[in-house]
Amino acid sequence: MPKSRIRKKADYTPPPAKQATAIKLNSRGWVAPVMLAMFLIGLAWIVVFYVTDGSLPVDSLDNWNIVVGFGFIAAGFGVSTQWK
């Protein structure tokens with residue numbers, strides 16, 4: 001009985017290298033200034049409330065002025081999620 005031919009296996013060739021694509025992390029120009037402004041407005045609101053012994057910025061809000069100040073700070077954190 002004749003022998004079958006032995007097939008020679010091809011040498012291993014690695015797959016072609018993938019080209020790395022550059023990721024553009026361009027942040028919107030308005031994000032950083034608005035974020036910092038919200039932080040500073042919130043901080044200033046709370047500081048003014050404490051320094052004036054509750055008569056400013058809005059007298060009718062009473063202790064809710066603290067919530068308003070922290071609201072500005074929270075809004076600043078919300079805007080910061082848009083920063084890349």
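Predicted model only: the values in this text are computed from it and were never measured.
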Pairs flagged by side-chain hydrogen bond (donor to acceptor under 3.5 Å, both in side chains) wherever residues 33-45 is involved - sequence neighbours left out: Trp45-Asn65
Residue pairs passing the side-chain hydrogen bond (donor to acceptor under 3.5 Å, both in side chains) test where at least one lies in residues 29-38, sequence neighbours excluded: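 Found none.
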Could you grab the distance from atom CH2 of Trp83 to atom CZ of Arg28, nearest 0.5 Å is fine? 14.0 Å
Remaining members of hydrophobic cluster (4.5 Å side-chain criterion), Leu40: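 Reading the cluster by chain and number, Leu40 sits alone, since nothing else belongs.
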Can you name the nearest heavy-atom pair linking Met35 to Gly76, along with the distance?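 Closest heavy-atom pair between Met35 and Gly76: CG-O, 3.5 Å.
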How close do Pro33 and Gly29 get, heavy atom to heavy atom, and via which atoms?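 Scanning both residues, the minimum pair turns out to be CD-O, 3.3 Å.
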Any link between Leu43 and Met38 through a network of hydrophobic side chains (Ile, Leu, Val, Met, Phe, Trp, Tyr) touching at under 4.5 Å? no
Compile the donor-acceptor pairs under 3.5 Å between side chains in residues 49-63 and protein atoms, sequence neighbours left out, one pair per line.
| unit_1 | atom_1 | unit_2 | atom_2 | d |
| --- | --- | --- | --- | --- |
| Thr52 | OG1 | Val48 | O | 2.7 |
| Thr52 | OG1 | Leu56 | N | 3.2 |
| Ser55 | OG | Thr52 | O | 3.0 |

Taking only distance into account, with no hydrogens and no angle test, what donor-acceptor pairs under 3.5 Å do side-chain atoms of residues 66-73 form with protein atoms, sequence neighbours excluded?
none

